[in-house]
Amino acid sequence: MKLSKNFTNPLAANNPIIVQILGICSALAVTVKLEPAVVMGLSVIFVTAFSNLIMSLLRNGVPSRIRIIVQLVVIATLVIVVDQVLKAFMYDVSKQLSVYVGLIITNCIVMGRVEAFALGNKPMDSFIDGIANGIGYALILIIVAFFRELFGSGTLFGIQVLGDWYTPNSLMLFPPMALIIVGCIIWVHRSFNKDLQEK
Amino acid sequence: MAINKNSNLYTIVYTVVMVVIVGTLLAVISTSLKDLQDANVLNEQKVSIMKAAGNENGDFDTMVAMGYVDAADNTFYAIDTNDTVSVDAVFKLLSDRKALAATEAELPIFIYNDKAETTYIIPLVGKGLWGDIWGYAALQTVDGEIVVKGIVMDHAGETPGLGAEIATDGVQNRFVGKLVYAGSEFALRMQKGGAKDEKYQVDAITGGTKTCDGVNDMLRNSIDKYKEFLENPIIVEPQKVKEE
């Protein structure tokens, strides 16, 4: 029961991007096309899941004074692994993601979940929480990238969807449009979740 | 006896052990993936060269001769493609953009032979608005004029939708068929406000003027070095190794 709530909560009701407003920077940067957004989402799922798992396993042994440093080392190591693997096996995508893979280290979602959840919970719960938060992040990235690629380039996953009659709206390719789309998602989400609305 | 987890000794030992484990792990991963990563970079260079020559799916190893133009006598000296050390040195130079831009004496060049046509592929390197831009220009000599057969460009961090458009086929195809020199003047360029002389100029990218200026400088600086060779190509084949 608790496990399933841990899993479903970050997907919508407590989504890291649209409720906690974390990880916005990369949501703007890698959502011009769907493919890099999907790969970025998978990378973040991997990093949040395993950083949560590892920190939860270490939680009783970490000296509290260097807690944050240990977290950073674990997260940075996982991110470097992802970066190296992408360069070896998905070179084109790794080029498109460029510096943003490295910047997963600074993604507030990862550090936030380790600090807020993994240090106080058992490894399995933490692992599920990491996966769920990663998926919550990836979902929003994919929704934003869907609209940006469709209307900005007339394609989805690089395949022409809208015909020649459609003039691609290059405004969609600029970062501010990602912010506006995220804003629209938040608007829709809050209109269905009355308890999130501020008075 | 319980361990005091807040003592200095514990903290230091903990840090040292952590760093050793993480360092070893990363070293192992990096070393084991290095060959694959290098192969990706090399393959990208070869595909770019073939794309510039207009045959993206062609086999680089059988269709392209590589070597240097010696700036002293403007002669092409081919490299034996079986000599992996020399071949690696060329691709290493292409990856090192700073060194490539500074190269004056031995200029790397690729020769693509297809039917009766000979295409010379020249590496390009320059600066865009935010960072490096680079690519390959495939040139032919037709009736004494140097003509663009194809151009491939890439960039490190130009603005998506604006300067970054130089990496798209739409922009690169504009160059096909343009003449490089008007008399002895370098004339090939991206012209702000639209091409005025269709023989030499192509439309610049609206909103990407600084990147286009960078492209113009890159084309001129990179191709000019080869001018005398291109006008009168002299080619020396590599000495064939005697087979036992």
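In what follows, every chain begins at residue 1, and chains take the letters A, B, ... in the order their sequences are listed. Quantities reported herein were computed from a predicted structural model and do not represent experimental measurements.
B/Tyr10 and A/Gly61 make their closest contact through OH-O, 2.5 Å (heavy atoms, listed as atom of the first residue, atom of the second, distance).
Interface remark: of the candidates A/Val73, A/Asp92, A/Ile69, A/Val73 forms the most heavy-atom pairs closer than 4.5 Å to chain B.
Contact annotation for A/Val74: neither backbone nor side-chain heavy atoms come within less than 4.5 Å of a heavy atom of chain B. For A/Thr77, the parts lying under 4.5 angstrom from a heavy atom of chain B are both the backbone and the side chain. For B/Asp38, no part lies under 4.5 angstrom from a heavy atom of chain A. Proximity to chain A (any heavy atom under 4.5 Å) is shown, for B/Asn8, by both the backbone and the side chain. In this structure, no portion of B/Val19 lies under 4.5 Å from any heavy atom of chain A.
The number of heavy atoms from other shown groups lying within 6.0 Å of CG (A/Asp164) does not exceed 12. Around atom NZ of B/Lys46, more than 12 heavy atoms belonging to other residues, nucleotides or ligands sit under 6.0 Å away. Atom NZ of B/Lys196 sits in a crowded spot, with more than 12 heavy atoms from other residues, nucleotides or ligands closer than 6.0 Å. Enclosure of atom NZ in B/Lys149 by more than 12 non-hydrogen atoms of other residues, nucleotides or ligands within 6.0 angstrom is indicated. Atom OH of A/Tyr100 has 12 or fewer heavy atoms from other residues, nucleotides or ligands within 6.0 Å.
Distance check: A/Arg65 CZ to B/Ser7 OG gives 7.5 Å after rounding to the nearest 0.5 Å. Remark: B/Gln37 CD to A/Leu86 CG distance equals 10.0 Å, nearest 0.5 Å.
Side-chain contact between A/Tyr91 and B/Asn43 is absent, with no heavy-atom pair separated by less than 4.5 Å. Between B/Thr15 and A/Val70 there is no side-chain heavy-atom pair separated by less than 4.5 Å. For the pair A/Gln84/B/Leu26, no side-chain contact is recorded, criterion being any heavy-atom separation below 4.5 Å from C-beta on. With a 4.5 Å cut-off on side-chain heavy atoms, B/Leu33 and A/Lys87 do not count as touching. Counting heavy atoms from C-beta outward, B/Asn40 and A/Phe89 have side chains that stay 4.5 Å or more apart.
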